[in-house]
Every structure is written in C-alpha cells, then in structure tokens.
Amino acid sequence: MSGDQLHNDSQIEADFRANDSHKHKDKHKDREHRHKEHKKDKEKDREKSKHSNSEHKDSSEKKHKDKEKTKHKDGSSEKHKDKHKDKDKEKRKEEKSSSGDIKIKKEKENGFSSPPRIKDEPDDDGFYASPKEDSKLLKRPREDDDADYKPKKIKTEDIKKAKKRKQEEEEDSKAKKIKSKDKKVPEADKRKKPKKEEEQKWKWWEEERYPEGIKWKFLEHKGPVFAPPYEPLPENVKFYYDGKVMKLSTKAEEVATFFAKMLDHEYTTKEIFRKNFFKDWRKEMTSEEKSTITSLSKCDFTHMSQYFKAQSEARKQMSKEEKQKIKEENERLLKEYGYCVMDNHKERIANFKIEPPGLFRGRGNHPKMGMLKRRIMPEDIIINCSKDSKIPAPPPGHKWKEVRHDNKVTWLVSWTENIQGSIKYIMLNPSSRIKGEKDWQKYETARRLKKCVDKIRNQYREDWKSKEMKVRQRAVALYFIDKLALRAGNEKEEGETADTVGCCSLRVEHIKLHPELDGQEYVVEFDFLGKDSIRYYNKVPVEKRVFKNLQLFMENKQPEDDLFDRLNTSILNKHLQDLMEGLTAKVFRTYNASITLQQQLKELTNPDDNIPAKILSYNRANRAVAILCNHQRAPPKTFEKSMMNLQSKIDAKKEQLADARRELKSAKADAKVRRDEKSKKTVESKKKAVQRIEEQLMKLEVQATDREENKQIALGTSKLNYLDPRISVAWCKKWGIPIEKIYNKTQREKFAWAIDMAEEDYEF
DNA sequence: CAATCTACTTAGAATGGGCGTG
DNA sequence: CACGCCCATTCTAAGTAGATTG
C-alpha cells in the first residue's frame, strides 16, 4: 500500500499543477535561489529566536508594558482628545456643505463614563428575540422612557427628523450623548449575572465614543475554555506499523489520531504535509517508537480512521435526549464563558474556546502544512482585563503566563501559536459595541473617500507622467487597487507561507501585456494567487499610459522580480494618508464595493417586480461586488445534483401548472354552459390555483437562476465585510422588503446599528 | 529604513443543526 | 419519521496596517 500511496501522491500533485496554478507550483524552487542569499542567515536567526521565544518575549513584553504606562501618564490622552476635536470640527464643516440640514448639537452631559453599573444585555432570551425588536416602532417609547434617569437632548419631534439628525451624528466621529433607554430601573451595582428582565437592546451607536486609543474602562471575563484533554483510544483500536500491530504511547497516539482523522482528506496525500507531519510526530514519540517508526508510508491508520468514522456516525444516531444534553452543556459553557462585561454591558465573546491541538492546515501550497499545532496550556495564556475586575482563575494546578490590564487593546486573552509564532486573540463578537463602532467608522472613512476620489484619480493620472519612477509605480499600483479592487499586497516572509501576492507584491510573471487582444487595445492579463491562494485571473484593457508604464517597469527584469520594485505598502499608504486622513489601500476596496452595490441596486431593481424577483436583483448586485472583489468558493460538492433536483422540481411544477390551466379551461367552459353560482366559484378557485402555481414556479425559476449564477461565487464575504449595511437597509425600506430576506439573525445582530439608523433615502 | 512585533479585519472551509420532504 | 440537503455557525488561517526596534 505504501507504494500505491506514493504513486497517488505524485499523480495528485500533477493534477493539481495542471489544473489551477500552473506555474505557481514551481515557484518555490525557482525562488529559492533568487538573489536572497543575504537574507538567509537572518532568517535563521529569526527562526531561532522565534522558537526559543519565552525569555525574549518576557523581557520585550515588559518593556512594552512599561512604555504604555509612561505614555499614559504623560497625558497622551489629552493629545488624543485635541486631535479628536479638530477632526470633529472639520467633519462638521464638511457636512454642512453637503447636507444643508440644521444641526442640533447635543452636548455631552457627563463625559462618556456612566456609573459602574451593569445594564443587562439581553442574554439568551434577548439574543434570540424576535426581529421586531430591531424595528423603529419601539424607538420612541424607549427614548421617552429613559428620560427620567438618563439625560438626553433630543426633543421629541417627529421620528423622521430625529433619524436625520442621527445620520449626521454618525458622520460626526464624536457622537453626542443620547443615553440608552432601558425600560427598567437601573441596577445599582455591578453583578455577575444580572437578572433577566424585559429589556431593550443597548444602542451603543447613540452614545458618546471614547477618545481615540482608549478601548474600554472596565473589562471582566472568565478566561478561555481549554480544549478537552486527550482521551486515549480503546484497547481494541489498533495502529499497524509495517503490517504489525503496535501500541503507541499516549502522546504519540494522540498525534497519530490527528492524522487518522484527516485520512480521507486530500491533505494527507501531499508530500509536504506528510513530511511535516512525520517530522513533528516523531518529536512526540518515545525513543523506542522513534527507532521503530521510520517511515510514514508503513503506518496504517485505517483502523483508527474507521473508529472515528463510527464515532461520528454514533453521534448522529444519538437519541434526542442525549443530543439535548450535549446542547444544554454547550449552552452552559456559552453562558458562563461566552460573555464578558465591558463598560457596564454584557457582551458576547466571539471565540472563547482555545483552539485545540491538531495538524496545521494551511491554504494553498503552504510550506508548513501538516505541522503539529501544539496544545495550548494556561501557562501560554495572557489574560487582559481591568485591574478592578474579578480576575479569571486559571484551571486548578495551573497559572497564567501573565495578567495585564491594557485598555488600549480590545482582546481579552492571547497566546502565541507555534506554527508561525504569531499571536492569537480572543475578542468580542461582531455585534459588540467595540467591533460595531469600528465597522461603522470603516464605512464612514469610505464615504469620505467618495468625496475626494475624483481628485485622487486625477492625481494618479498625472503621476503616470512623473519623472520619478517611484511615483509612477505608486500611481499605477493605485490605479489597479482602485480599478480592480486589488489588495494592498504586503511583503511576506519567503518560505514561511504560501506564495501569494497582492498589488504591491505583484511580480513580473503575474501579468502579461497584450498591445491588442480580442479587438481591444492595451490589455493586461493578470494571473496570480491572492489571499487564501485564490486565483485572480482577469484580462483588463487599461489606459495607454498605464500600459507603457508597465512595459517600462518590466524592462530588464526576470519573471520572478517585483513588478513595482520601488514600492511597498508602507510607501503607498503614507502617500494615501497625505491625500486623505485615514486613507489606506484597503479603503478603496470598501469604497468600490459599497458604491458598486448602490449603483447596481439602482440599476437592477425593477419597481414592478415582486419580492422574490427584487431579491434576485439584490443578489445580483451583491454578486457584482463579489466578482469585483474576487470572492470565490469551491463549487459545492453537491452542486450538480442539487441543481438537477431543483430542475426536476421546476419540471414538476410546470406540469402541475399545465394541469391547473387545463382544469381552469374546462371549468370555464363548464361555467359558460351551466351559468350557475357554483360553477362560477369553481372557475374562481381554479384561477387562483393557476396563479398560485405560477408564482411558485416563478419563485423556483428565480431560485435556479440565482443558484446557477452563484456557483463559484461567495456572496457572504462582501456582504459581511465590504458593503455598507445602510445601503441594504435603505433598499429594503424603499421597496418594502423584510430585512430578514437579506440578513440572517447573526447579520442582523452585527448590523443592528445600520438597521436602526438608516432610512430609505440613505446615500452611501 | 528594514525587520519585527502587535492588533485587528477579512477569508473560505468544515461542521452541525434544523427543516422540508418523500 | 428517517433522510438528505441547505444554510447558519464555527473555526482559524491569512491578510492589512501601524508601531516599535535596531
């Protein structure tokens, strides 16, 4: 069998190469002997320090901390405030000119800090509360309600006006104080588990923002949940080496199970994966095991694999009660560890579970795939929380690596991962204030770009003519980022990650120039692997100057040389910062995505369409963005089949329609002859039936179209990260589409701010 | 200025649970 | 009333960007 496996290896490799990434595959070989000799030593050093980390880390971390402290003392927060004010003024000016509306300024009452008191956020019940909670209807009463204990400045006027004002505020980076409106009486003290009461959701977007840099005032949480300990296999599950049963030590067995669990995954056939796995596995073996097990291909994990399959099968077959029990246990865990208290509010944590040990699964052609991701212990964990909070207790017999109190960051827990040596964090859910504010801000930055994008475009057109090479390269790169929504393209450490690129890191080999192609002039053909090793392939006609510049940049270069050799993301972003405050390369992606959605919605929505057809239009607009951003997915494994199923449903429906029409016809004929009430009624009901079936058919057909068009395109990423949700909300309001048709529960939670504040006339 | 470190957003795949259906 | 399918959720890798260091 070992021979077979090897054979398969090479075959699969070869297929892979032929299929999608052609030349990319060989890149590593080529690149290794690329003018990087000098780099190598450094890399080695880096490697060393990375792996011997802890002492180094400790000292540097301390330094870091000390610095923070002094910074804090020397009144840098004051500085922040001032800066903030300035920004504020500017913004207000901008707004005035753009929207002639009267501004009603709300003074802040008492700064941003409310007394230390927990308003309970809706937990379980609240979280799953019906969507009507989001609706505007509740709005006014809430505002009124809180009047008695929370000062607010809005006079009760018509809701619409209030809304308008809110929109202005939102643009104002410093929102004025409107206090949230809880129906109930405030609780006087901090409490772990606030009573559940009939509750409104906290509208953080109506509150004052913290000065830049400060992320919270109070933070308390229970720490992370660790991966369950390893449970050794039952005696009867065997591992075979070279055809003979072999009992493995617990540690070696655990790592072996990681591999066994992935046995039918393509990964385990890849040479790099196998090599890395075997190397790391051997580190976990006893010396006898090490001397016996010398070749991975002689290892037989199939019995183990079968065992795990049987286990997961058994899990599916479990009785309702057992499943219920597991569910309840999960809920308990979520309730206890899934929330924290940040500044008087209970907020959901995104990933409170520590990543369990396993084999590293990199994307694409990752040089580290198959390496062992080690088990994270409390001793690896840094806890971040308030000084005056109840500090989470480490598991019995353990201690934390460190507990710190840094309110300039948003994370609750961090640890250093052993594959890349990077830091992982536990942070809050997207529905939290801290994430939501940032998200909102992101779209506001993109909207500011909208105001000056013409100027910037003219500027880079000018720069194509610059005497300075650096400026020309910058201008061409920016043109690509703007026109094609490319990512910035930071440099990456060679050999540490898959070989992927973005705009600034494009190499000569990634583009082809065609002075003429298919009747178009000056066509650039892009072909490279981007983030997550997703292929970007596109043929784009460009302006002549761009084309000439590209020719110039490529002169006397090897295929593996950088296209923009005088440019990197840092240079580019510095330039962008000069053009507009807060502008970076990624803002263009956000801007172009959102503006495209808005345009497409305008273009594609047909007022006469029914709801499903309008939603198809929405999805098409969304799709245009996903295509722009190159958000792809592997066509679902069951795609063809599910398409066939749908088609047969459509056929059946068509037949049903034909039948119904026949029946209607005969009923009509019948009615003509008989001329009585009863037969007339029959005609009516048959008519209705036909109509109903027509509608159903139409719905199915729309669904089929949508699905077909979506085969390889992922809409989720753009919807979640690039499209200003207020555009979608406004569209829904304008056309009377229930928001639930566009956003699921999670998305509605994430975009609660937008759902609450956007009116149908919202303009991105 | 380059290398390194840190914090945060963005990303597709895997998983799991609920729901419609035959 | 099991079954398969589909979508939401979970998971964690892979980016961006800015700060820090040397």
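For the numbers below, each heavy atom of this structure counts, side chains included, while hydrogens, waters and symmetry mates do not.
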With sugar-phosphate meaning primed atoms plus P, OP1 and OP2, does [X] contact a base, only sugar-phosphate, or nothing at under 4.0 Å between heavy atoms?
| X | answer |
| --- | --- |
| A/S414 | nothing |
| A/K574 | nothing |
| A/N490 | base |
| A/S422 | nothing |
| A/P430 | nothing |
| A/K215 | sugar-phosphate |
| A/G530 | sugar-phosphate |
| A/K586 | sugar-phosphate |
| A/K438 | sugar-phosphate |

Inset, instruction - Could you tell me whether A/R433 sits above the aromatic face of A/W753, with NZ or CZ closer than 6.0 angstrom to the six-membered ring centre and within 45 degrees of the axis? - result: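 No - A/R433 does not lie over the ring of A/W753 by the 6.0 Å and 45° rule.
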
Inset, instruction - Determine, for nucleotides 13-22 of chain B in 5'-to-3' order, which nucleotides have protein heavy atoms under 4.0 Å from the base (write B), from only the sugar-phosphate (write S), or from neither (write -). - result: SS---S----

Legend entry - Set of ring-ring contact (aromatic ring centres under 6.0 Å, His included) partners for A/F308, sequence neighbours left out: none

Inset, instruction - Run through A/I349, A/L334, A/N429 and flag the one making a side-chain contact (heavy atoms from CB on, under 4.5 Å) with A/Y339. - result: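 Option passing the side-chain contact (heavy atoms from CB on, under 4.5 Å) with A/Y339: A/L334.
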
Inset, instruction - From the options A/K492, A/K531, A/R507, A/E491, select the one residue that forms a side-chain contact (heavy atoms from CB on, under 4.5 Å) with A/V501. - result: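 The single option meeting the side-chain contact (heavy atoms from CB on, under 4.5 Å) with A/V501 is A/R507.
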
Using a cut-off of strictly less than 4.0 Å, decide whether [X] has a side-chain nitrogen or oxygen near OP1 or OP2 of [N].
| X | N | answer |
| --- | --- | --- |
| A/T569 | C/dT16 | no |
| A/T584 | C/dA17 | yes |
| A/H631 | B/dA11 | yes |

Legend entry - DNA chain B contacts among residues 716-725 of chain A, heavy-atom distance under 4.0 Å: A/T717, A/N721, A/Y722

Inset, instruction - For A/Q747 and for A/G362, locate the closest nucleotide of DNA chain C by heavy-atom distance; then report the residue assigned to the nucleotide nearer the 5' terminus. - result: A/Q747

Legend entry - side-chain contact (heavy atoms from CB on, under 4.5 Å) partners for A/K699, two or more places apart: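 If we apply the side-chain contact (heavy atoms from CB on, under 4.5 Å) test to A/K699, skipping adjacent residues, the hits are A/P612.
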
Can you tell me the distance, in whole Å, between the [atom1] atom of [X] and the [atom2] atom of [N]?
| X | N | atom1 | atom2 | result |
| --- | --- | --- | --- | --- |
| A/I354 | C/dC11 | CD1 | P | 12 Å |
| A/K492 | C/dA14 | NZ | P | 8 Å |
| A/D562 | B/dA2 | CG | P | 12 Å |
| A/E417 | B/dA7 | CD | C1' | 15 Å |
| A/K442 | B/dT10 | NZ | C1' | 8 Å |
| A/E496 | C/dA13 | CD | C1' | 15 Å |
| A/Q420 | B/dT6 | CD | P | 15 Å |

Inset, instruction - Measure from the side chain of A/K435, starting at C-beta and using heavy atoms only, and say which of C/dG15, B/dC8, B/dA7 lies closest. - result: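 Minimum distance to the A/K435 side chain belongs to B/dC8.
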
Inset, instruction - State which of C/dT12, B/dA11, B/dA7 makes the closest approach to the side chain of A/R404. - result: B/dA7

Legend entry - DNA chain B: 5'-proximal contact among A/T410 and A/R487 (nearest heavy atom):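 Of the two residues, A/T410 wins.
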
Inset, instruction - Report yes or no: do A/D482 and A/N592 form a side-chain donor-acceptor pair below 3.5 Å? - result: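 Result is yes, a qualifying pair exists.
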
Legend entry - Distance-only donor-acceptor check, side chains A/N573 and A/T584, under 3.5 Å: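 Side chains of A/N573 and A/T584: no pair found under 3.5 Å.
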
Legend entry - Check: C/dT12 base within 3.5 Å donor-acceptor of A/K424 side chain: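 Answer is no: no donor-acceptor pair is held.
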
Inset, instruction - Measure centre to centre between the rings of A/H366 and A/F360, then say whether the value is under 6.0 Å. - result: yes

Inset, instruction - Indicate, with yes or no, if the rings of A/F277 and A/F258 have centres closer together than 6.0 Å. - result: no

Legend entry - Those residues that, when tested against A/D565, pass salt bridge (Lys or Arg N to Asp or Glu O under 4.0 Å) (two or more places apart):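 Per chain and number, A/D565 pairs via salt bridge (Lys or Arg N to Asp or Glu O under 4.0 Å) with A/K557.
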
Inset, instruction - Would you please name every residue forming a salt bridge (Lys or Arg N to Asp or Glu O under 4.0 Å) with A/K327, sequence neighbours left out? - result: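 Not a single residue meets the salt bridge (Lys or Arg N to Asp or Glu O under 4.0 Å) criterion with A/K327.
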
